[in-house]
Amino acid sequence: MKIGVIGTGYVGLIQAVGLAHLGFEVVAYDIDLSKIEALRRGEPPIYEKGLKELLQQNRERLFFTHWVEDLRDSEIVFVCVGTPQDAKGKANLNFVFSAAERIKPLLTGREIVVLKSTVPVGTNRKVQQLLGNSAFVVSNPEFLREGIALNDFFNPERVVLGFGESHPQWVREKMLKVYDYFLKKEVPFVITDWESAELIKYASNTFLAMKISFVNELARLAEKVGAVIRDIAKGMGLDSRIGDKFLNAGIGWGGSCFPKDVSALIWQFKEWELEPKLPKATKEINEEQLLWFLNKIKRHYGGNLSGKTFALLGLAFKPYTDDLRESPALKLAEMLIEEGAFVKGYDYVEGARRNVKKLVELNTSTRYSYGLMVCDDLADTLKGADGVIIAVEYREWNREHWDEFARLVRHKAIFDGRNILERKLVEELVNRGWHYEGVGVKV
Ligand code: NAD
């Protein structure tokens with residue numbers, strides 16, 4: 001079966017490579033020629049562990065193209081284009097509708113067009129209206145996590161499929177055939193209507209963001225009363241009704257999905273004249289969290305960061321990705337620079353460092369250009385720093401040579417924005433003269 005994929009970003013490329021690995025012939029189309037050229041050379045334009053190897057391994061079943069006509073004869077076409085937020089926080093669906101319009105002339109009425117992009121309620125219906133009788137539209141929201149995206153592709157926790165009420169039975173059967181690998185693995189399937197499938201995605205992301213915002217807000221109280229948020233989260237998380245995931249206090253959530261999806265859900269409530277109380281609070285707490293953390297840092301330096309140099313450990317929005325979208329680390333860098341500080345940044349992922357360097361070069365007239373320097377070496381990052389800020393939760397920070405860091409920095413202060421350093425290590429570091437501050441942690 002020939003399968004088409006529209007958009008070769010984080011979702012589309014994983015979908016294309018994953019399906020090729022499962023044995024399908026895949027044609028992946030993108031309007032971005034530079035991405036297609038890189039993919040044809042066997043080089044993924046994004047970093048994801050194991051992706052390059054899998055791409056090269058399955059090259060004979062993968063065809064990358066800049067010509068939409070090459071999608072002709074695809075029995076199923078997965079739409080994986082971006083749905084960023086517009087200036088008001090609403091989902092911008094231009095890429096989705098433009099993709100649908102481009103493929104419409106190629107469709108014959110027997111194809112299935114699957115929306116993998118995260119889209120607000122009513123979008124699948126609108127795309128079906130746009131395509132008319134030329135194809136059947138199916139909602140299949142994506143839940144992969146960047147950093148472990150390939151693992152998530154092959155081992156999803158669920159597959160959600162939303163169908164239109166008048167879709168013939170063969171459409172369902174064909175979708176189940178494509179996902180037979182997951183059925184055999186007994187992955188749970190949620191088969192539902194378009195609207196429910198669309199909302200499952202927004203509800204899931206907003207709920208996860210809400211858990212983090214809840215624990216972050218609680219961390220502020222914990223700190224005031226002398227409690228330890230990590231212990232509180234552990235005590236909560238052992239209750240299976242709560243679960244222990246997404247209860248790590250820190251500098252807040254970012255990334256390509258949570259911010260825009262929480263905002264888009266807020267909009268959907270408003271459009272239906274409902275008050276989005278929890279999503280709104282979730283967003284507000286997150287917006288406050290970085291400022292709360294910045295103030296913590298400022299207090300340590302007597303309220304003045306002017307002329308101080310900080311080593312910023314972690315640049316992307318989470319570990320093992322080069323994706324900088326809505327990265328709390330970069331937002332914090334900007335805030336520090338605004339306070340007159342100089343920031344030296346490092347990330348273990350080379351692509352993340354490269355992408356920040358590009359940002360710095362592009363924004364020659366902004367704060368970034370003179371306040372942020374990206375180092376390719378951890379020692380260079382730490383040299384002469386007045387403080388070390390951990391902004392991305394790499395466990396590796398625990399295994400680094402903090403004694404050597406102590407010799408490199410000018411002032412031994414750690415601001416652990418992810419509460420990632422283990423308690424024993426923190427105790428040792430404090431005994432060796434380091435000042436340590438986490439989020440809702442007592443030392
Ligand atoms: P992305 O920005 O990385 O990739 C989108 C790609 O689509 C780009 O390469 C772009 O050039 C291409 N494109 C745009 N319009 C096109 C068109 N008309 N024809 C062909 N190509 C076109 O985006 P992403 O992170 O892969 O996200 C895609 C969708 O999946 C979004 O709706 C997002 O919310 C959702 N999603 C993302 C993730 C994630 O972790 N990134 C996880 C789950 C769901």
Side-chain angles (χ1 to χ4, degrees), residues 4-18 27-39 44-49 51 64-71 74 77-86 90-104 106 113-120 123-124 127 130 139-153 156-160 197-198 200-206 208-209 253-265 316-327 351 355:
V5 173
I6 304 186
T8 58
Y10 288 85
V11 168
L13 188 54
I14 296 292
Q15 182 76 1
V17 173
V27 177
Y29 156 72
D30 202 298
I31 46 172
D32 186 335
L33 183 59
S34 64
K35 284 190 181 177
I36 295 301
E37 283 173 347
L39 287 163
I46 53 162
Y47 174 76
E48 195 59 55
K49 195 165 167 250
L51 181 58
F64 295 103
T65 182
H66 188 235
W67 299 102
V68 71
E69 289 77 14
D70 289 329
L71 291 172
S74 301
V77 179
F78 288 93
V79 177
C80 307
V81 298
T83 48
Q85 53 179 317
D86 66 13
K90 225 172 156 178
N92 173 351
L93 297 172
N94 290 349
F95 296 118
V96 172
F97 289 119
S98 143
E101 269 161 16
R102 276 168 196 245
I103 47 162
K104 190 175 176 187
L106 311 173
V113 171
V114 184
L115 292 197
K116 267 214 151 300
S117 300
T118 303
V119 292
T123 310
N124 277 268
V127 174
L130 191 156
S139 169
N140 174 213
E142 178 57 58
F143 298 95
L144 65 76
R145 293 161 292 178
E146 286 177 24
I148 46 169
L150 277 172
N151 175 64
D152 283 350
F153 176 87
E157 288 185 316
R158 79 289 215 189
V159 173
V160 174
E198 289 164 335
I200 286 171
K201 176 65 197 176
Y202 283 107
S204 302
N205 271 358
T206 306
L208 291 172
W253 40 269
S256 57
C257 291
F258 282 11
K260 75 171 181 63
D261 290 352
V262 173
S263 290
L265 185 61
F317 85 92
K318 61 169 357 187
Y320 312 113
T321 180
D322 59 351
D323 195 344
L324 306 180
R325 288 177 281 186
E326 300 281 329
S327 158
N355 287 344

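Remember, it's 1-based here, ligands and their atoms both numbered in the order they're listed.
- With hydrogens left out, the protein atom closest to atom 35 (C) of ligand 1 is T118 OG1, 3.4 Å, a heavy atom.
- Distance from atom 11 (O) of ligand 1 to its nearest protein heavy atom, with residue and atom name: D30 OD1, 2.7 Å.
- Looking from atom 15 (N) of ligand 1 to the surrounding protein, the closest heavy atom is F95 CD2, 3.4 Å.
- The nearest pair of heavy atoms linking D261 to Y202 is O-CD2, 3.4 Å.
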- [ ] Check the pair K90, K260 against side-chain contact (heavy atoms from CB on, under 4.5 Å), reporting the backbone distance first and the verdict last.
- [x] CA-CA 8 Å; K90 225 172 156 178; K260 75 171 181 63; over 6 Å; no
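- Here's the thing with D32: none of its N/O atoms is less than 3.5 angstrom from an N/O atom of ligand 1.
- Heavy-atom distances between K201 and ligand 1 reach below 4.0 Å in at least one pair.
- The shortest contact between atom 5 (C) of ligand 1 and any protein heavy atom is with G82 N, 3.6 Å.
- Between Y10 and D322, the side chains place a donor N or O and an acceptor N or O closer than 3.5 Å (distance only, hydrogens not considered).
- Contact between K116 and F78 at its shortest, heavy atoms only, is CG-CD2, 3.9 Å.
- The contact set between ligand 1 and T83, taken as ligand atoms under 4.0 Å from a residue heavy atom, comprises 31 (C), 32 (O), 34 (O).
- Across D323, V81, I14, T321, heavy-atom proximity to atom 22 (C) of ligand 1 is greatest for V81.
- For atom 21 (N) of ligand 1, the nearest non-hydrogen atom of the protein is I31 N, 3.5 Å.
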Open item on the list: Go through it in stages, so that I can follow the logic: the residues are L13 and F64, the test is side-chain contact (heavy atoms from CB on, under 4.5 Å), and I'd like the CA-CA distance, side-chain angles, deciding distance and then a yes or no.
Closed with: CA-CA 10 Å; L13 188 54; F64 295 103; 3.9 Å; yes
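- Considering both main-chain and side-chain atoms, K260 comes within under 3.5 Å of ligand 1 through a nitrogen or oxygen pair.
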- [ ] Apply side-chain contact (heavy atoms from CB on, under 4.5 Å) to F143 and R158, showing your working.
- [x] CA-CA 8 Å; F143 298 95; R158 79 289 215 189; 3.4 Å; yes
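- E198 and T123 share no side-chain donor-acceptor pair at under 3.5 Å.
- Here's the thing with G12: none of its N/O atoms is less than 3.5 angstrom from an N/O atom of ligand 1.
- Looking at E69, R102, H66 one by one, the single match for side-chain hydrogen bond (donor to acceptor under 3.5 Å, both in side chains) with Y29 turns out to be R102.
- Only the side chain of S256 comes within 4.0 Å of ligand 1, judged by heavy-atom distances.
- Contacts between R325 and ligand 1, counted as non-hydrogen atom pairs separated by less than 4.0 Å, involve the side chain only.
- For ligand 1, the atoms lying closer than 4.0 Å to a non-hydrogen atom of S98 are 18 (N).
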Open item on the list: Between W67 and I36, is the side-chain contact (heavy atoms from CB on, under 4.5 Å) condition met? List the steps.
Closed with: CA-CA 10 Å; W67 299 102; I36 295 301; over 6 Å; no
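- Proximity of C80 to ligand 1, defined as any heavy-atom pair under 4.0 Å, is confined to the backbone N, CA, C and O atoms.
- Partner of T8 under the side-chain contact (heavy atoms from CB on, under 4.5 Å) criterion, chosen from D30, T65, V17: D30.
- The CG atom of N205 sits 5.0 Å away from the CZ atom of F258 when rounded to the nearest 0.5 Å.
- The L144 neighbourhood of ligand 1 comprises atoms 40 (O), 42 (C), with distances under 4.0 Å to a heavy atom of that residue.
- Here's the thing with D261: none of its N/O atoms is less than 3.5 angstrom from an N/O atom of ligand 1.
- Less than 4.0 angstrom separates some heavy atom of G7 from each of these atoms of ligand 1: 6 (C), 7 (O), 12 (C), 21 (N).
- A heavy-atom distance below 4.5 Å is found between the side chains of L39 and P45.
- The nearest heavy-atom contact from the protein to atom 37 (C) of ligand 1 is V11 CG2, 3.2 Å.
- Heavy-atom proximity to A99, at under 4.0 Å, picks out these atoms of ligand 1: 18 (N).
- Each of the atoms 39 (C), 40 (O), 41 (N) of ligand 1 lies under 4.0 Å from some heavy atom of E146.
- No more than 12 heavy atoms of other residues, nucleotides or ligands shown are found within 6.0 angstrom of CZ on F95.
- Between E142 and ligand 1, no N or O atom pair is found at a separation short of 3.5 Å.
- Of the heavy atoms in K35, only side-chain atoms (C-beta onward) come closer than 4.0 Å to ligand 1.
- Heavy-atom minimum distance, V27 versus L71: O-CD2, 3.7 Å.
- Proximity of I46 to ligand 1, defined as any heavy-atom pair under 4.0 Å, is not found for any part of the residue.
- Remark: ligand 1 and K116 share no N or O pair separated by less than 3.5 Å (distance only, no angle test).
- Using modelled atom types and a 3.5 Å distance limit, the side chains of R145 and T321 yield no donor-acceptor pair.
- Near G9, meaning under 4.0 Å from any of its heavy atoms, are these atoms of ligand 1: 1 (P), 3 (O), 4 (O), 6 (C), 9 (O), 26 (O).
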